[in-house]
Amino acid sequence: AQLTESGGGLAQAGGSLRLSCAASTQTFMSYDMAWFRQAPGKEREFVAVISWSGGDTLYADFVKGRFTISRDNRKDMAFLQMDSLKPEDAAVYYCAAGTALSRNRHDYNYWGQGTQVTVSS
């Protein structure tokens with residue numbers, strides 16, 4: 001599967017951005033879809049994951065109540081709605097596809113190239 005993120009950019013603190021991940025695969029519904037992020041000098045960290053059916057989600061504690069992950073299996077796309085953004089949310093955001101509904105980046109087989117999110121204070 002090939003994954004392509006879009007929707008990153010510059011937002012003010014307290015603002016919103018919506019990230020999209022387009023998958024080029026006929027087996028999109030086989031995969032759980034996750035978002036990770038990586039800030040300069042830091043390791044890539046888990047943000048959220050949604051199961052293949054959309055029925056289960058997991059979030060990192062630092063985004064609970066602010067970010068919402070979703071997917072559209074008819075369009076082979078996943079989304080991350082980010083509200084109440086904070087400067088510390090600035091990072092490159094990556095979508096990933098896997099089959100484990102996991103917080104561990106090593107459980108994901110496919111990755112996009114990433115999209116930059118910048119948050120001004």
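Residue numbers run from 1 in the order of the sequence given.
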Subject >> Polar side-chain atom of T115 near backbone of G8 as donor-acceptor pair, under 3.5 Å >> reply: yes

**OP:** Could you tell me the separation between the OG atom of S24 and the OH atom of Y110, rounded to the nearest 0.5 Å?
**Re:** 10.5 Å

Subject >> Exercise: do S16 and D83 side chains pair donor with acceptor under 3.5 Å >> reply: yes

**OP:** To the nearest 0.5 angstrom, please state how far the CG atom of D32 sits from the OG atom of S51.
**Re:** 6.0 Å

Subject >> Rounded distance (nearest 0.5 Å) linking atom OG of S53 with atom CE of M29 >> reply: 7.5 Å

Subject >> Expected output: side-chain N73 to main-chain W52 donor-acceptor under 3.5 Å >> reply: yes

Original post:
What's the shortest heavy-atom distance between L85 and A11, and which atoms?
Top reply: CD1-CB, 3.8 Å

Original post:
How far apart are the closest heavy atoms of A90 and A39, and which atoms are they?
Top reply: O-CB, 3.8 Å

Original post:
Does a salt bridge link D89 with R66, judged by any charged N lying under 4.0 Å from a carboxylate O?
Top reply: yes

Original post:
Do R103 side-chain atoms and V47 backbone N/O form a donor-acceptor pair below 3.5 Å?
Top reply: no

Original post:
Around Q81, counting heavy atoms of other residues, nucleotides and ligands shown, do more than 12 lie under 6.0 Å from its CD?
Top reply: yes

Subject >> Beyond-backbone contact of S6 with L19, side-chain heavy atoms, under 4.5 angstrom >> reply: no

**OP:** I would like to know whether E45 and R37 meet side chain to side chain contact (heavy atoms under 4.5 Å, CB included); could you show each step before the answer?
**Re:** CA-CA 5 Å; E45 62 181 356; R37 70 185 188 186; 2.7 Å; yes

Original post:
More than 12 non-hydrogen atoms from neighbouring residues, nucleotides or ligands closer than 6.0 Å to CD on Q2, yes or no?
Top reply: no

**OP:** Could you pull out the closest heavy-atom pair between G98 and Y108, with the gap in Å?
**Re:** N-CD2, 3.5 Å

Subject >> N-O pairing of D61 and K64 below 4.0 Å >> reply: yes

Original post:
If we only count heavy atoms from C-beta on, is the F79 to R71 side-chain gap below 4.5 Å?
Top reply: no

**OP:** Could you tell me whether the side chain of D76 and the main chain of F28 form a donor-acceptor pair under 3.5 Å?
**Re:** no

Original post:
Is there side-chain contact between D56 and L101, with at least one heavy-atom pair below 4.5 Å?
Top reply: yes

Original post:
Roughly how far apart are I50 CD1 and Y59 OH, rounded to 0.5 Å?
Top reply: 7.0 Å

Original post:
So how far is it from E5 CD to W111 CH2, rounded to the nearest 0.5 Å?
Top reply: 9.5 Å

Original post:
Hey, are the side chains of M33 and M77 touching, using non-hydrogen atoms and a 4.5 Å cut-off?
Top reply: no

**OP:** Indicate, with yes or no, if the rings of F46 and F36 have centres closer together than 6.0 Å.
**Re:** yes

**OP:** Please confirm whether the backbone N or O of A1 pairs with a side-chain atom of T25, one donor and one acceptor, at under 3.5 Å?
**Re:** no

